[in-house]
Amino acid sequence: MTDYKEQIKTTLEDIPGLGSISDSWPASVADLPALVVDLASEQGADRRDNRRYMTEQEFYVRIFAGTPAQIHAMFEAVVPRMEALGYELTFKFDQNTAGALQTITRYAKTIPSE
């Protein structure tokens with residue numbers, strides 16, 4: 001089975017200026033700007049012969065940074081890389097946290113079930 005999360009992380013890890021990419025919140029502001037990739041949902045999108053034929057996956061890519069300019073630069077770098085993997089941006093919102101700015105994005109893709 002393809003590990004789509006690792007595929008996404010590998011695609012995003014070469015973004016210029018990226019401090020870290022992981023499965024969990026950045027440990028410190030020294031890691032900023034940072035990306036956190038996690039599965040938002042996985043559900044059947046189509047059934048054939050009483051079996052799941054297509055699956056829709058959605059992944060969150062959370063962008064943490066210290067400044068609005070860093071958030072914008074990371075967002076502008078993430079979107080085309082996710083689109084190159086076949087994901088569509090379906091959701092975006094900003095949420096400030098203590099010590100960092102955060103933009104939360106969600107991407108969806110329908111894939112053949114394995």
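Any value given below was found using the heavy atoms of this structure, including those in side chains, with hydrogens, waters and symmetry copies removed.
Not one N or O on the side chain of T103 forms a donor-acceptor pair closer than 3.5 Å with the backbone of I63.
Considering all non-hydrogen atoms of both residues, P33 and L18 come closest at O-CD1, 3.5 Å. Between T90 and A108, the shortest heavy-atom contact is CG2-CB, 3.8 Å. Residues L32 and F64 share a closest heavy-atom pair of CD2-CB, 3.5 Å. Across P80 and E76, no two heavy atoms sit closer than the pair CD-O, 3.1 Å.
Atom NZ in K5 sits 12.5 Å away from atom OG1 in T10 (nearest 0.5 Å). Residue E13 holds its CD atom at 9.0 Å from CD of E6, rounded to the nearest 0.5 Å. Atom CD of E83 and atom CD of E88 lie 8.5 Å apart (nearest 0.5 Å). Distance check, rounded to the nearest 0.5 Å: CZ of R81 to OG1 of T11 gives 9.0 Å. Separation of atoms CZ (F59) and OH (Y87) is listed at 5.0 Å; rounding is to 0.5 Å.
Placement of L89 and I104 in two distinct hydrophobic clusters is found when ILVMFWY residues are connected by side-chain heavy-atom separations under 4.5 Å, directly or transitively. Placement of V78 and L39 within a single hydrophobic cluster is found when ILVMFWY residues are connected by side-chain heavy-atom separations under 4.5 Å, directly or transitively. Linking ILVMFWY side-chain heavy atoms closer than 4.5 Å, directly or via other members, places V61 and F75 in a single hydrophobic cluster. Note on M74 and F91: separate hydrophobic clusters, where clusters join Ile, Leu, Val, Met, Phe, Trp and Tyr whose side-chain heavy atoms are under 4.5 Å apart, directly or indirectly. L101 and Y60 are assigned to two separate hydrophobic clusters, defined by single-linkage of ILVMFWY side chains at heavy-atom distances under 4.5 Å.
Side chains of I21 and I15 form no contact here, defined as non-hydrogen atoms less than 4.5 Å apart. Between M82 and T105, the closest side-chain pair of non-hydrogen atoms is not below 4.5 Å. Between Q102 and W25 there is a side-chain heavy-atom pair separated by less than 4.5 Å. Looking only at side-chain heavy atoms (C-beta outward), L85 and Y107 stay at 4.5 Å or farther from each other.
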